[in-house]
Amino acid sequence: MNPNQSTMATTDERIVEAARKFGRTIGESNVYKNFEAAHQSLRGDQEAQQLLQQYQQSQQQLQMMQSWGGAQQDDIQRPEDMRKQMMENKTLKEFFEAQDELVAQLKELNQFMTDKLGFDFADMTKPAGGCC
Amino acid sequence: MLDMNLKLAAEEFVRYLNSSKEVKDFQAAQEKFNNDPEVSELYQRFTRLAQEFQQKQATGSVTQEEINTIKQLQQQINTHPVTQEYAQKQQELMVILQDCNQAISEITGFDFSATAAPAASC
């Protein structure tokens, strides 16, 4: 069987439709709308995007230096300084806050489902090797 | 605090899942696996030996016989009919759960499970 082939045909359509309805409710929630708005603001703010990019680069560089065992104090300090700069930027601050709220809400929702199912829905279906 | 609409939608989704054959079969197989005396005994022996194995590994005193015993125990657990049935039902359940996650994620635009999985499981 082709691994990319959808198995949708074998799954009860009523369950899949309930999943879609659940997805739509997430999409209509305030926490999701806030995140989407913050994401939209980030897309339209070049300065914020640059800061985010610089932070990611400083983190990648630190990881690389650490894997070689050659990280200096400067390499460790740079991502921390960049993180502080990012949090002073209104667009980024709002984006991270909205993202944190959405993730927290989804984790709580998954825990609620886990309690009722007796197994962890997200943990069983998250991408292999995927980490949050 | 959980948004009431989200909670209601999750409840409805869970109700559908819990009424499916795949979830019922999995839960039954899981209960059987957790309560089977033979598997429990094998598993306890395996856990005890694995702990001893780790301690001995630190001092380099593991023997080939001990390695073989632990491998045999692992194989006995894995090939036990109760374990096999549990694994089979888990695979069948995974298929419908993956489809559900895909349906949710197509609508939200991000992978629901990758975002909502507990941090400790990473």
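What you see below is based on every heavy atom in this structure, not just the backbone, and it leaves out hydrogens, waters and symmetry mates. The sequence lines fix the lettering, A, B, ..., with proteins before strands; numbering per chain opens at 1.
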Legend entry - Contact winner vs chain A - B:L6, B:D111, B:T108, B:L17, heavy-atom pairs under 4.5 Å: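 The answer is B:L6.
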If I compare all heavy atoms of [X] with all of [Y], which pair ends up nearest, and what's the gap?
X	Y	result
B:A114	A:P127	CB-CD, 3.6 Å
B:S20	A:I15	CB-CD1, 3.4 Å
A:N110	B:A116	ND2-O, 3.5 Å
A:M124	B:Q98	O-NE2, 4.4 Å

With a 4.5 angstrom heavy-atom cut-off, is it the side chain or the backbone of [X] that approaches chain A, or both, or neither?
X	result
B:N5	both
B:K7	both
B:L8	neither

Inset, instruction - Step through it carefully: locate the ring centre of A:F121, locate the ring centre of B:F13, and say whether they are under 6.0 Å apart. - result: yes
Inset, instruction - Would you please name every residue forming a salt bridge (charged side-chain N to carboxylate O under 4.0 Å, His left out) with B:R15, sequence neighbours left out? - result: none
Inset, instruction - Could you look at A:F112 and say if it's the side chain, the backbone, both or neither that has a heavy atom under 4.5 Å from chain B? - result: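 Side chain only.
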Inset, instruction - Compare all side-chain heavy atoms of B:L2 with those of A:Q105 and state whether any distance is below 4.5 angstrom. - result: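 Sidechains of A:Q105 and B:L2: in contact.
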Inset, instruction - Go through A:K21, A:E28, A:Q111, A:E36 and name the one with the most non-hydrogen pairs under 4.5 angstrom from chain B. - result: A:K21
Inset, instruction - Write out, in numerical order, the residues from residues 27-60 of chain B with a heavy atom short of 4.5 Å from a heavy atom in chain A. - result: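 B:Q27, B:Q30 fall under the 4.5 Å cut-off.
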